[in-house]
Amino acid sequence: MAGGRFLSMFAYALLCVLWCLGRSVVDAQATKPNILFMYVDDVSPRELRMYDAPAWVGKKTVESDEERFRAKTPTLDMMAREGMYFTKAWAAPVCSPSRAMFMTGRFAHLTKWWYNQDYGTFTNADGETEKYVPLYLTSPILVGHLAQQAGYKTLWAGKPGMKTADLREFGFDEGVFLPNAAFKPPSPYSPEFVVKNEVRDGKRVKVNNDTGEIVENGLSERSYFWKPHIDLMNFPGTTEDFTYWPHTAELQAEYGLSTYGPDVESESIINFMTRSHEQKKPFFIFHNSKLGHKAFNFIQPEKGLNYPPTPKLYWNERRQMYNRLDVTITGSNGVYETEGINNGGLNRHIEYCDYMLWQYVEHLKDLRIINNTIIIFASDNGTPEWGKGSRERQRGPHIPMVIYAPGMNLAKQGRQDVLVHVVDMLPTFADIMGVEHLLDGYATQGKNLWPYLITAKPNHRVYLYSYIRGLQQIRGRLVMRDMNNDWWKVDEEVDDYDSYPLITDWDALPAKFRGERDNLIRIMGKFDLYETEHDYI
């Protein structure tokens with residue numbers, strides 16, 4: 001964490017300058033809306049029912065039309081029906097730059113987060129070059145900072161994914177994380193559920209610590225699903241900045257093979273909502289769930305890297321409520337007996353996200369603050385083997401986005417076909433929180449979505465942009481260019497959000513199509529700095 005304290009002072013100094021200019025911390029009022037942003041892993045819009053796509057991920061194919069592999073999402077369906085869902089939302093084709101977009105409201109020409117494992121370097125306070133420039137250095141006003149300045153209590157739950165950055169510098173009062181492998185060893189409570197690197201017979205291999213066997217298709221990882229590795233940041237009842245969970249004798253007695261990581265997230269979030277409400281403070285929650293991401297299946301190691309099982313769920317249509325079965329897992333060394341879990345799959349992960357959202361909605365109703373809360377659900381990139389990392393059309397950056405705010409008098413409802421980008425969240429939240437002045441003179445590529453949501457305004461953005469390293473893609477309302485440099489006609493939506501007509505004869509199209517193409521090329525030119533300004537310093 002070399003240079004961490006220097007960077008902390010840098011970010012703090014910038015906010016102090018804003019404060020000294022007359023922008024004091026806003027007193028939080030009870031009427032300030034609470035915000036929950038749930039950002040799941042690796043889910044394309046086609047996986048969700050409200051998008052009504054003709055295909056989704058099945059058992060052995062990404063082009064299934066079998067209903068049994070399509071997620072059932074009564075909560076998300078309700079949120080989309082009573083709120084809004086967006087058919088033209090973008091982020092990045094992979095997770096790291098997508099998180100950077102959300103945190104900063106900026107693209108990589110400023111953040112220097114170009115791709116997974118491709119980040120700008122920087123020089124730390126000791127004059128040493130480090131591989132991963134922290135976002136709070138390239139972009140010192142982050143979404144968490146804005147929330148804190150607005151008087152919000154802030155929580156970050158789930159996947160951190162910030163490389164070697166100091167998680168205390170992102171503007172979050174509390175955190176519930178997968179431990180950062182750059183600094184912390186595996187949790188002492190789950191030392192067996194680790195895939196580690198070893199050298200055997202002169203070759204570097206990955207080994208399941210639970211069985212000692214070589215993993216053929218896994219990643220170096222710690223379990224975050226069953227018997228999870230969890231790190232707490234500034235958590236109530238702890239004395240250190242970072243503390244392994246379970247952190248009390250009572251929790252340690254309950255912890256074991258049947259403990260499910262996403263349940264720890266949701267319980268922490270619900271507890272945080274309650275505490276914030278009792279303190280008469282609005283809350284901002286960033287729930288960066290790992291559900292949707294493939295992982296090594298420790299309780300069924302013969303299956304390797306897949307979508308590990310979740311607890312079984314049942315939806316009671318008459319009572320409009322979920323029932324979750326109790327789970328029992330017993331065994332050791334890769335041989336486990338299980339009760340109360342399903343067979344896994346992407347659909348099961350999405351359904352568990354829906355279950356968590358249902359819990360949040362019901363708890364907000366119990367607290368009587370549902371009408372003063374905005375819930376946004378989105379994904380960081382497209383589905384693996386179909387969209388994630390893809391250069392074709394919009395498969396990589398195309399994401400679902402659902403906004404539910406039952407007491408906010410939104411001016412629109414249901415399907416929305418306007419262009420929207422995850423970078424829009426930073427200026428949107430700044431407006432909702434009442435601190436948009438903190439962005440005066442601060443460069444972002446985000447556009448405030450709030451006016452579109454609450455007025456009759458018919459359009460939002462004029463372009464969407466994304467990238468893989470130096471490869472660029474962009475779309476407007478009429479045309480789109482992908483990373484293969486192919487141009488597509490997108491003025492009319494197609495049912496799979498993918499099979500657009502390829503443009504081969506520009507002269508056959510009206511002049512407005514060529515005009516938009518030329519404007520999009522000019523926009524890309526402003527961001528085309530991968531080769532010339534890759535690093536921060």
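Remember, predicted model here, so these are calculated numbers, not experimental data. These numbers come from the heavy atoms of this one structure, side chains and all, not from hydrogens, waters or symmetry mates. Residues take their numbers from the sequence shown, with the count starting at 1.
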Next on the checklist: For Arg275 and Glu174: C-alpha separation, side-chain torsions, deciding distance, then whether salt bridge (charged side-chain N to carboxylate O under 4.0 Å, His left out) applies.
Outcome noted: CA-CA 12 Å; Arg275 288 187 283 115; Glu174 300 175 22; 2.8 Å; yes
Item to check | Polar side-chain atom of Lys112 near backbone of Pro134 as donor-acceptor pair, under 3.5 Å | outcome: no
Checklist entry - Below 4.5 Å, heavy atoms only, C-beta onward: do Phe284 and Gln148 meet side chain to side chain? => result no
Checklist entry - Tell me, do Lys72 and Trp315 make a side-chain contact under 4.5 Å, heavy atoms counted? => result no
Next on the checklist: Checking Tyr51 against Asp495: is there a side-chain donor and acceptor pair closer than 3.5 Å?
Outcome noted: no
Item to check | Atom pair CG/CD1 of Asn409 and Ile454 - distance to nearest 0.5 Å | outcome: 9.5 Å
Next on the checklist: Below 30° counts as parallel, above 60° as perpendicular, anything between as tilted: where do the rings of Phe37 and Phe286 land?
Outcome noted: tilted
Item to check | Among Phe177, Phe170, Trp156, side-chain contact (heavy atoms from CB on, under 4.5 Å) partner for Met233 | outcome: Phe177
Item to check | Thr154 side-chain N/O to Gly171 backbone N/O, donor-acceptor pair under 3.5 Å | outcome: yes
Checklist entry - So, His145 side chain and Leu142 main chain: donor-acceptor pair closer than 3.5 Å or not? => result yes
Item to check | Backbone N/O of Val57 and side chain of Glu47: donor-acceptor pair under 3.5 Å | outcome: yes
Item to check | Closest non-hydrogen atom pair, Ser44 against Arg395 | outcome: OG-O, 4.4 Å
Checklist entry - Can you name the nearest heavy-atom pair linking Leu155 to Ser268, along with the distance? => result CD2-O, 4.2 Å
Item to check | Shortest non-hydrogen contact from Pro179 toward His229 | outcome: CD-O, 3.3 Å
Item to check | Test side-chain contact (heavy atoms from CB on, under 4.5 Å) applied to Arg49 and Asp77, step by step | outcome: CA-CA 7 Å; Arg49 286 178 176 265; Asp77 293 346; 4.1 Å; yes
Checklist entry - Just by distance, with hydrogens left out, do Glu436 and Asn448 show a side-chain donor and acceptor under 3.5 Å apart? => result no
Item to check | Check against side-chain contact (heavy atoms from CB on, under 4.5 Å), Met483 and Ser390 | outcome: CA-CA 9 Å; Met483 293 187 196; Ser390 175; over 6 Å; no
Next on the checklist: If the threshold is 4.0 Å, N to carboxylate O, is there a salt bridge linking Arg415 and Asp417?
Outcome noted: yes
Checklist outcome for this item: Distance col, row His247:NE2 vs Glu240:CD, nearest 0.5 angstrom, shows 13.0 Å
Checklist entry - Going through the distances and angles, do Met408 and Asn372 end up as a side-chain contact (heavy atoms from CB on, under 4.5 Å)? => result CA-CA 7 Å; Met408 296 291 116; Asn372 195 40; 3.7 Å; yes
Checklist entry - Looking only at side chains, do Tyr465 and Gln472 share a donor and an acceptor under 3.5 Å apart? => result yes
Checklist entry - Taking the inter-plane angle between the rings of His287 and Tyr360 on a 0 to 90° scale, is it parallel (under 30°), tilted (30 to 60°) or perpendicular (over 60°)? => result perpendicular
Checklist entry - Would you say Trp114's side chain and His534's backbone share a donor-acceptor pair under 3.5 angstrom? => result yes
Next on the checklist: So Gln445 and His109, do their side chains get closer than 4.5 Å, heavy atoms only?
Outcome noted: yes
Next on the checklist: Can you confirm whether Lys159 sits close enough to Tyr39 that some side-chain heavy atom of one is under 4.5 Å from a side-chain heavy atom of the other?
Outcome noted: no
Item to check | Test item: Lys412 side-chain N/O and Thr455 main-chain N/O as donor-acceptor pair under 3.5 Å | outcome: yes
Next on the checklist: Checking side-chain polar atoms at under 3.5 Å, does Tyr530 have a donor or acceptor matched by the opposite partner on Asp118?
Outcome noted: yes
Next on the checklist: Could you check whether any side-chain heavy atom of Leu419 comes within less than 4.5 Å of a side-chain heavy atom of Arg475, counting everything from C-beta outward?
Outcome noted: yes
Checklist entry - Strictly by modelled atom types, are Ser139 and Thr104 linked by a side-chain donor-acceptor pair under 3.5 Å? => result no
Checklist entry - His277 and Asn34: side-chain donor and acceptor closer than 3.5 Å? => result no
Checklist entry - If you draw the axis of the six-membered ring of Tyr244, does the NZ or CZ of Lys184 fall within 45° of it and under 6.0 Å from the ring centre? => result yes
Checklist entry - Can you list the steps and then say if Ile141 with Leu439 is a side-chain contact (heavy atoms from CB on, under 4.5 Å)? => result CA-CA 8 Å; Ile141 300 180; Leu439 297 179; 4.1 Å; yes
Checklist entry - Distance under 6.0 Å and angle within 45° of the ring axis: does Arg46 meet both against Trp56? => result no
Checklist entry - Any cation-pi pair here, Arg461 with Tyr463, using under 6.0 Å and within 45°? => result yes
Checklist entry - Hey, does the side chain of Tyr136 reach the backbone of Asp166 with a donor-acceptor pair shorter than 3.5 angstrom? => result yes
Next on the checklist: Phe242 vs Phe235, test: ring-ring contact (aromatic ring centres under 6.0 Å, His included). Steps then yes/no.
Outcome noted: CA-CA 8 Å; Phe242 293 94; Phe235 210 74; over 10 Å; no
Checklist entry - Do Asp231 and Trp245 have a side chain donor and acceptor closer than 3.5 Å? => result no
Item to check | Under 3.5 Å side-chain donor-acceptor pair for Thr274 and His363 | outcome: yes
Checklist entry - Which heavy atom in Arg70 sits nearest to a heavy atom in Ala53, and how many Å separate them? => result NH2-O, 3.1 Å
Next on the checklist: Would you say Asp42 and Thr383 are linked by a side-chain donor-acceptor pair, where the criterion is simply a distance under 3.5 Å?
Outcome noted: no
Next on the checklist: Hydrogens and angles aside, do Asn381 and Ser98 bring a side-chain donor and acceptor to less than 3.5 Å of each other?
Outcome noted: no
Item to check | Exam field: side chain Thr238 to backbone Thr243, donor-acceptor pair closer than 3.5 Å | outcome: no
Item to check | Trace of the salt bridge (charged side-chain N to carboxylate O under 4.0 Å, His left out) decision for Lys365 with Glu362 | outcome: CA-CA 5 Å; Lys365 288 178 182 177; Glu362 292 303 306; 3.4 Å; yes
Next on the checklist: Can a donor-acceptor pair be found, under 3.5 Å and without considering hydrogens, that links the side chain of Glu265 to the backbone of Val176?
Outcome noted: no
Item to check | ring-ring contact (aromatic ring centres under 6.0 Å, His included) between Phe86 and His421, intermediate numbers included | outcome: CA-CA 10 Å; Phe86 293 82; His421 204 291; over 10 Å; no
Checklist entry - What heavy-atom pair brings Pro311 and Arg324 nearest, and what distance separates the two atoms? => result CG-NH2, 3.3 Å
Checklist entry - Are the side chains of Arg481 and Met524 in touch, meaning some heavy atoms are under 4.5 Å apart? => result yes
Next on the checklist: If only side-chain N and O atoms count, and only distance matters, is there a donor-acceptor pair under 3.5 Å linking Asp498 with His398?
Outcome noted: no
Next on the checklist: When you compare the side chains of Thr444 and Arg106, does any donor N or O come within less than 3.5 Å of an acceptor on the partner?
Outcome noted: no
Next on the checklist: Donor-acceptor pair, distance only, cut-off 3.5 Å: does the side chain of Thr73 make one with the backbone of Thr75?
Outcome noted: no
Next on the checklist: Under a 3.5 Å threshold, yes or no: a donor from one side chain and an acceptor from the other, between Asn459 and Tyr452?
Outcome noted: no
Item to check | Polar contact flag, side-chain donor to acceptor under 3.5 angstrom, Tyr119-Ser96 | outcome: yes
Item to check | Asp424 and Thr428 side chains, donor-acceptor separation under 3.5 Å | outcome: no
Next on the checklist: So Asp482 and Gln394, do their side chains get closer than 4.5 Å, heavy atoms only?
Outcome noted: no
Checklist entry - Regarding Glu493 and Tyr500, is there a side-chain donor-to-acceptor distance under 3.5 Å anywhere? => result yes
Next on the checklist: Does any part of the side chain of Leu146, heavy atoms only, come nearer than 4.5 Å to the side chain of Leu426, both counted from C-beta?
Outcome noted: yes
